[in-house]
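Proteins come first, then strands; the chains are lettered A, B, ... in the order of their sequence lines, and each starts at number 1. In this text, all values refer to a predicted model and were calculated from it rather than measured experimentally.
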Number of protein chains: 2
Amino acid sequence: MFFMSVSTQPCCVPLMAAPLSEPDAERLADALKSLADPVRLRLVSLIAASDSGSACACDLTTPTGKSQATVSHHLSQLVKAGIIKREQRGKWAFFSLDTERIESVCAALTSRTAVGDPA
Amino acid sequence: MFFMSVSTQPCCVPLMAAPLSEPDAERLADALKSLADPVRLRLVSLIAASDSGSACACDLTTPTGKSQATVSHHLSQLVKAGIIKREQRGKWAFFSLDTERIESVCAALTSRTAVGDPA
DNA sequence: CTCATATATCGATGTCCATCGATATATGAG
DNA sequence: CTCATATATCGATGGACATCGATATATGAG
């Protein structure tokens with residue numbers, strides 16, 4: 001059977017295994033773009049540092065030094081990209097990391113073989 | 001001695017170990033931005049797929065479907081970010097990956113401990 | 001219900017950047 | 001030297017996006 005260049009998962013086909021198709025490059029770039037912002041990186045970092053592994057949006061505004069609207073915007077971007085997950089608790093929104101997704105992005109950047117490839 | 005939040009290397013302080021400082025976030029974001037573009041990802045992928053591990057700029061224009069000026073611009077961005085290295089051979093410019101740098105960016109995204117930290 | 005609070009969305013604005021044609025620079029051939 | 005080719009830089013342009021104040025929506029308290 002032919003080698004399938006399009007992954008069954010939305011993210012992410014490895015860079016080093018073979019030349020990336022344009023759609024695959026677009027997908028990986030979108031995932032990386034969601035991380036390629038200092039405010040979003042600090043949000044991810046703050047969530048990771050939370051005791052329970054999840055953080056309330058109300059606790060993420062002050063440490064970033066940004067407006068509530070801006071923080072909400074960035075959190076939405078991260079959720080949309082699958083980097084973090086949102087959970088409603090009463091009137092508070094809690095966010096936690098999707099570690100697998102982050103690792104999958106890194107794997108695409110470093111691994112020399114396609115997912116599921118022997119050797 | 002105190003834990004140093006500023007790495008001795010320009011890149012990259014791990015996200016998950018502790019809340020990222022703004023300068024550290026900025027640095028990591030810059031590294032990620034250099035990768036967060038579909039054309040640049042395809043360039044990296046094409047270089048990785050080259051037989052000798054390095055590719056001539058002249059061979060990278062056609063497969064990306066971009067103008068010579070655009071490709072040159074993207075290659076410069078990647079060199080500036082330390083993702084690839086440039087080498088002049090006669091009138092041709094050859095580019096090769098800095099694998100360590102790419103892995104260092106990924107390590108910053110996934111590792112739960114600072115570089116050199118015990119356990 | 002009303003009110004307060006938490007979060008999301010809207011609209012505007014300024015900035016960054018990908019892109020390209022044109023041009024400059026560099027390198028070697030003859 | 002001149003010429004051809006490879007690559008880099010310049011300047012302009014269009015689009016994407018980070019940011020914020022204002023406002024809308026959601027959720028619970030009383």
Checking all strands, does B/R86 fall into the base, sugar-phosphate, or nothing category for heavy-atom contacts under 4.0 angstrom?
sugar-phosphate
Which parts of residues 63-70 of chain A get close to DNA chain D, meaning a heavy atom less than 4.0 angstrom away?
A/K66, A/S67, A/A69, A/T70
With a 4.0 Å cut-off, would you call A/E87 and A/R89 a salt bridge?
yes
Consider the side chain of B/K91, meaning its heavy atoms from C-beta on, and name the nucleotide among C/dA18, C/dA6, C/dT27 that approaches it most closely.
C/dT27
State which of D/dA6, C/dT19, C/dT9 makes the closest approach to the side chain of B/H74.
C/dT19
Separation of C/dT15 atom P from B/K33 atom NZ, nearest Å, is 15 Å
Transitive ILVMFWY side-chain link A/I83 to A/V39, under 4.5 Å
yes
For B/L32 and C/dC17, give me the distance from atom CG to atom P, rounded to whole Å.
14 Å
Kindly say whether B/G90 contributes a backbone atom to a donor-acceptor pair with the side chain of B/Q88 at under 3.5 angstrom?
yes
Answer with base, sugar-phosphate or nothing: what part of the nucleic acid does B/H73 contact at a heavy-atom distance below 4.0 Å?
base
If I take atom CG in residue A/L60 and atom P in nucleotide C/dA6, what distance separates them, rounded to the nearest angstrom?
14 Å
A/I84 has an atom CD1; how far is it from atom C1' of C/dT7, in whole Å?
13 Å
Looking at DNA chain D, which of residues 35-47 of chain A put a heavy atom within less than 4.0 Å of it?
A/D37, A/V39, A/R40
Derivation of the side chain to side chain contact (heavy atoms under 4.5 Å, CB included) call for B/V105 and B/L32:
CA-CA 8 Å; B/V105 173; B/L32 288 167; 3.7 Å; yes
Between CD of A/Q77 and C1' of C/dT9 the distance, given in whole Å, is 13 Å
Distance check needed: D/dA16 P versus A/D30 CG, whole Å only.
12 Å
With no hydrogens and no angle check, is any side-chain donor or acceptor of A/S21 less than 3.5 Å from a backbone partner on A/D24?
yes
The side chain of B/Q88 lies closest to which of these nucleotides: C/dA8, C/dT27, D/dT9?
C/dT27
Return one dot-bracket line describing DNA chain C 5' to 3' (Watson-Crick or G-U wobble pairs, both distances under 3.5 Å; ( ) same strand, [ ] crossing, | another strand, . none).
||||||||||||||||||||||||||||||
Is any side-chain heavy atom of A/T70 less than 4.5 Å from a side-chain heavy atom of A/S67?
yes
Less than 4.5 Å apart, any side-chain heavy atom of B/E26 and any of A/P38?
yes
By nearest heavy atom, map A/G90 and B/A93 onto DNA chain D; which one lands nearer the 5' end?
B/A93
Inspect the contact between A/R27 and A/D30 and indicate whether a charged nitrogen and a carboxylate oxygen are less than 4.0 angstrom apart.
no
Distance check needed: D/dA8 C1' versus B/F94 CZ, whole Å only.
17 Å
Counting distance only, does the side-chain N/O of A/R101 pair as donor-acceptor with the main-chain N or O of A/A31 below 3.5 Å?
no
Just wondering, do A/I102 and B/M16 contact through their side chains at under 4.5 Å, heavy atoms?
yes
Would you call B/L109 and A/V44 a side-chain contact if the rule is heavy atoms closer than 4.5 Å?
no
In this structure, how many angstroms lie between the P atom of D/dT27 and the CH2 atom of A/W92, rounded?
13 Å
Between B/S50 and B/I47 (side chain of the first, backbone of the second, donor and acceptor by atom type, cut-off under 3.5 Å), is there such a pair?
yes
